[in-house]
Peer 1: 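Structure below; questions to follow.
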Amino acid sequence: MCGELRAEDAGQDVVLMGWVNRRRDHGGLIFLDLRDRSGIAQIVVDEKVTAAHAKADAARPEFVIAVKGRVRRRGAGLDNPNMPTGEIEVVASKLLLLNDARTPPFSPAEDAIANEEVRLKYRYLDLRRTEMQANFALRSRVAMAIRNYLVSEGFLEIETPFMTRSTPEGARDYLVPSRVHPGNFYALPQSPQIFKQILMVSGFDRYFQIARCFRDEDLRADRQPEFTQIDLEMSFPQMDNIFRVAEGFLTAAFAAAGIALTTPFVHMTYDEAIKNYGIDKPDMRLPAMVSLSDILTPELRTALKIEQSLPVLGFVIPNVGELSGTARKSLLGEVRAGFGDCGLDLLDVVRLRTNATFAPLADAISAALAASLGVPALSAADLITVVTPKLGTPAMWNYDPQWIYKRVGALRLELGAKFADKHGLFAKTGTAADFKFAWVTDFPMYEWNEETKTWDAAHHPFTSPHEDDIQAGRLTTDKGAVRALAYDVVLNGNELGSGSIRIHRKDVQAEIFRSLGMTDEEAHERFGFFLDALEYGTPPHGGIALGLDRIVMILAGATSLREVIAFPKTARAIDLMVDAPTPATPQQLRELHLRTVTRT
RNA sequence: GGGGACGUAGCUCAGUUGGUUAGAGCGCUGCCCUGUCACGGCAGAGGUCGCGGGUUCGAGCCCCGUCGUCCCCGCCA
């Protein structure tokens with residue numbers, strides 16, 4: 001292979017095949033950079049080797065060629081230290097043009113990359129680029145490391161169907177019409193959830209699958225309509241078993257990328273995540289939020305027109321550099337504009353300090369924030385942000401007491417991103433320090449849906465509630481307080497995966513369905529087969545599913561899943577290369593008993 | 001469904017306050033070149049300024065609509 005040749009291979013006869021990466025024509029002497037999956041090697045073609053020289057003369061970028069020749073140590077001063085193969089070259093004795101190539105719309109050899117529309121349309125050219133080749137080599141290694149780890153831990157890989165019935169993740173399904181059963185549809189799985197639970201009932205006490213999942217929802221940089229999960233389930237697990245397995249395969253996966261993780265990961269409850277980070281997937285590379293409520297005494301609150309009963313939150317974005325007065329004011333204005341009229345305001349700590357009455361408050365805030373960072377004092381280069389609730393509580397706070405934490409948490413992330421170049425906390429060192437993992441536990445079981453005025457399952461309806469909450473009868477009396485045995489694994493503000501201990505008793509499962517407003521008839525209609533299965537000796541079980549695409553994306557240092565999915569879709573769920581989706585032919589529609597309508 | 005950014009040569013982009021024939025780099029084509037490696041030199045080709053409409057004596061530039069790509073909210077674990 002081209003990229004593997006080194007000085008010690010000098011003298012060997014080789015046959016190389018690949019693509020012309022670049023051609024440097026000196027007339028009597030032609031250099032070809034030959035590229036294959038392993039890398040690039042320089043081919044020298046002398047005009048004395050007449051036939052080969054004529055072929056090299058005709059060769060153009062992206063032609064596919066075969067070269068027979070001898071590896072030679074380059075002469076003094078001719079090495080190229082920028083290439084792994086820079087100490088050698090291959091002197092061609094014979095050269096074949098295996099295939100020509102049209103001039104490509106963009107060059108896979110270029111460093112500058114074309115716009116994404118063109119890249120996706122000519123995806124095969126884009127995938128030839130060294131960077132993309134590396135991403136998919138990484139993806140393959142990561143997947144293999146995970147397989148090896150799970151198999152070594154006694155997990156069995158079992159496939160589950162793509163053509164199935166709707167599973168209850170709460171996203172829109174992709175439907176597949178049945179030809180044989182007019183008017184009936186299969187659904188593509190949003191996850192193998194029910195099947196893996198049934199596999200536990202079936203006695204496969206450790207299952208895993210690297211499974212494709214499908215969800216018909218709008219896309220994001222980190223969301224594609226089809227994506228791959230590392231899905232696993234265990235019988236008789238304690239939560240700690242599942243954490244250990246997940247940490248184990250993540251460690252194996254990161255090792256495949258040359259990163260040595262330390263386990264166990266940090267643990268925090270959902271409530272702690274919200275209080276400290278304002279979000280259930282905290283990015284712990286930035287300092288946490290700090291409650292300044294106690295420092296803001298009733299007198300100070302009155303003087304500063306701050307609501308008495310609500311929290312005052314502060315956080316530091318370190319090392320953004322000292323802001324000039326105008327820069328500070330414009331930042332304040334920007335943030336206040338971002339708040340809209342949500343009842344929040346910023347305290348200008350720098351200005352407080354110039355006022356004799358409030359100077360002690362400014363000092364106390366700085367001291368509290370410094371203490372939270374574990375430093376003796378903040379520097380003038382650290383950006384202090386203090387958010388206060390204005391007098392008069394907006395209505396939206398009534399049904400979501402966490403709202404203020406979430407809004408301040410969002411601001412923390414916004415400012416963290418805005419000053420990323422300054423604080424450098426997102427910079428890559430290539431070590432485990434770049435990756436801040438956490439387990440978030442004790443998620444709420446139910447979520448209030450303001451639109452439909454109902455309680456929905458926050459995770460999915462097979463998640464077991466805390467035993468205490470069942471005993472206390474909260475399933476009916478106080479749904480908002482019920483905690484689920486559900487957990488997420490979070491990395492640098494990305495949700496990598498989530499799982500739960502499942503319900504394994506039919507009576508509990510039936511009660512949960514009822515508590516979600518489903519009648520027994522409805523539950524039976526949708527999940528009857530599953531409720532039946534629970535009656536035939538179901539072991540306690542639980543599991544987790546992690547997004548393989550997201551893991552690889554983060555390891556590849558990419559910011560979009562499209563960089564690690566070979567044939568991804570655009571933000572409007574279109575495949576620009578094959579041009580899908582397309583209309584069905586009248587005959588296809590007839591066979592499927594379908595008719596299309598145009599909505600006006 | 002909503003908000004934002006972008007759309008000019010094959011690619012990356014510039015294009016002033018609306019003013020003559022729309023530019024650059026890379027790529028491409030031809031010729032020259034035996035030590036280049038982002039080779040170099042000379043010459044050349046290449047444009048529906050996303051599309052449609054409007055304003056104007058005149059539109060790449062202003063207005064309206066529309067299409068596409070990306071990012072975000074909603075939605076989605």
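The sequence lines fix the lettering, A, B, ..., with proteins before strands; numbering per chain opens at 1. Owing to the predicted nature of the structure, the values given are computational and were not obtained by experimental measurement.
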Peer 1: Is the shortest side-chain N to carboxylate O distance from A:Arg502 to A:Glu233 below 4.0 Å?
Peer 2: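 Yes, this pair counts.
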
Peer 1: Can you check whether A:Phe443 and A:Tyr487 have ring centres sitting under 6.0 Å from each other?
Peer 2: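 So the answer is no for these two rings.
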
Peer 1: Which listed nucleotide (B:C28, B:A77, B:C75) is nearest to the side chain of A:Glu217?
Peer 2: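 Between B:C28, B:A77, B:C75, the one nearest the side chain of A:Glu217 would be B:C75.
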
Peer 1: Salt bridge or not for A:Lys55 and A:Asp57, using N-O below 4.0 Å?
Peer 2: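 Result for this pair is no, no salt bridge flagged.
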
Peer 1: Distances for protein N/O vs nucleotides 38-44 of chain B N/O pairs under 3.5 angstrom?
Peer 2:
residue	atom	partner	partner atom	Å
B:C39	OP2	A:Arg22	NE	3.4
B:C39	OP2	A:Arg24	NH1	3.2
B:C39	N3	A:His26	NE2	3.4
B:C39	N4	A:Asp25	O	2.3

Peer 1: What is the nucleic acid contact for A:Arg74, judged by heavy atoms within less than 4.0 Å: base, sugar-phosphate only, or nothing?
Peer 2: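 A:Arg74: base contact, heavy atoms under 4.0 Å.
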
Peer 1: In terms of side-chain geometry, is the basic nitrogen of A:Lys569 or A:Glu226 positioned less than 4.0 Å from the acidic oxygen of its partner?
Peer 2: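 Salt bridge: yes.
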
Peer 1: Check this for me: does any side-chain nitrogen of one of A:Arg562 and A:Glu116 sit under 4.0 Å from a carboxylate oxygen of the other?
Peer 2: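 The answer is yes: the pair qualifies as a salt bridge.
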
Peer 1: In dot-bracket, 5' to 3', how would RNA chain B read with Watson-Crick or G-U wobble pairs under 3.5 Å, [ ] for crossing ones and | for pairs to another strand?
Peer 2: (((((((..((((.....[...)))).(((((.......))))).....(((((..]....))))))))))))....

Peer 1: Name all residues meeting the side chain to side chain contact (heavy atoms under 4.5 Å, CB included) criterion together with A:His53; count only those two or more places apart in sequence or in a different chain, and write none if there are none.
Peer 2: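 Here the qualifying residues are A:Ile30, A:Val45, A:Glu47.
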
Peer 1: Taking side chain to side chain contact (heavy atoms under 4.5 Å, CB included) as the definition, give me every residue that meets it alongside A:Thr269, ordered by chain and number, with sequence neighbours left out.
Peer 2: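 Per chain and number, A:Thr269 pairs via side chain to side chain contact (heavy atoms under 4.5 Å, CB included) with A:Asp271, A:Glu272, A:Thr441, A:Asp442.
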
Peer 1: With nearest nucleotides of RNA chain B determined for A:Arg572 and A:Asp488 from heavy-atom distances, which residue corresponds to the more 5′ nucleotide?
Peer 2: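 With A:Arg572 and A:Asp488 compared, the 5'-side residue is A:Arg572.
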
Peer 1: For a quick check of understanding: with a heavy-atom distance under 4.0 Å over all strands, which category does A:Glu116 fall into, base, sugar-phosphate or nothing?
Peer 2: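 Sugar-phosphate contact only.
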
Peer 1: Side chains of A:Gln42 and A:Arg24: any donor to acceptor distance under 3.5 Å?
Peer 2: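 Yes, A:Gln42 and A:Arg24 have a side-chain donor paired with an acceptor closer than 3.5 Å.
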
Peer 1: Is there a donor N/O on one and an acceptor N/O on the other, under 3.5 Å, for the side chain of A:Arg172 and the base of B:G74?
Peer 2: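 Between B:G74 and A:Arg172, which were checked side chain against base, a qualifying N/O pair under 3.5 Å is absent.
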
Peer 1: By nearest nucleotide on RNA chain B, pick out whichever of A:Glu117 and A:Ser498 is the more 5' one.
Peer 2: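 Comparing both residues, the 5'-ward one is A:Glu117.
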
Peer 1: With distance as the sole criterion, do the side chain of A:Asp46 and the base of B:U34 form a donor-acceptor contact below 3.5 Å?
Peer 2: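 Looking at the base of B:U34, it does pair with a donor or acceptor on the side chain of A:Asp46 (distance under 3.5 Å).
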
Peer 1: A:Asp456 has an atom CG; how far is it from atom P of B:C75, in whole Å?
Peer 2: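 One finds 11 Å between P of B:C75 and CG of A:Asp456, rounded.
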
Peer 1: Under the salt bridge (charged side-chain N to carboxylate O under 4.0 Å, His left out) rule, collect the residues that match up with A:Asp280, sequence neighbours excluded.
Peer 2: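 Salt bridge (charged side-chain N to carboxylate O under 4.0 Å, His left out) list for A:Asp280, sorted by chain: empty.
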
Peer 1: When you compare the side chain of A:Arg119 with that of A:Arg123, does any pair of heavy atoms fall below 4.5 Å?
Peer 2: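 Contact flag for A:Arg123/A:Arg119 side chains = yes.
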
Peer 1: Using only modelled atom types and a 3.5 angstrom limit, is any donor from either the side chain of A:Arg223 or the base of B:C76 paired with an acceptor on the other?
Peer 2: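 When only heavy-atom distances are counted, A:Arg223 does reach the base of B:C76 through a donor-acceptor pair under 3.5 Å.
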
Peer 1: Give me the distances for all protein-to-nucleotides 1-9 of chain B N/O pairs that come in under 3.5 Å?
Peer 2:
none

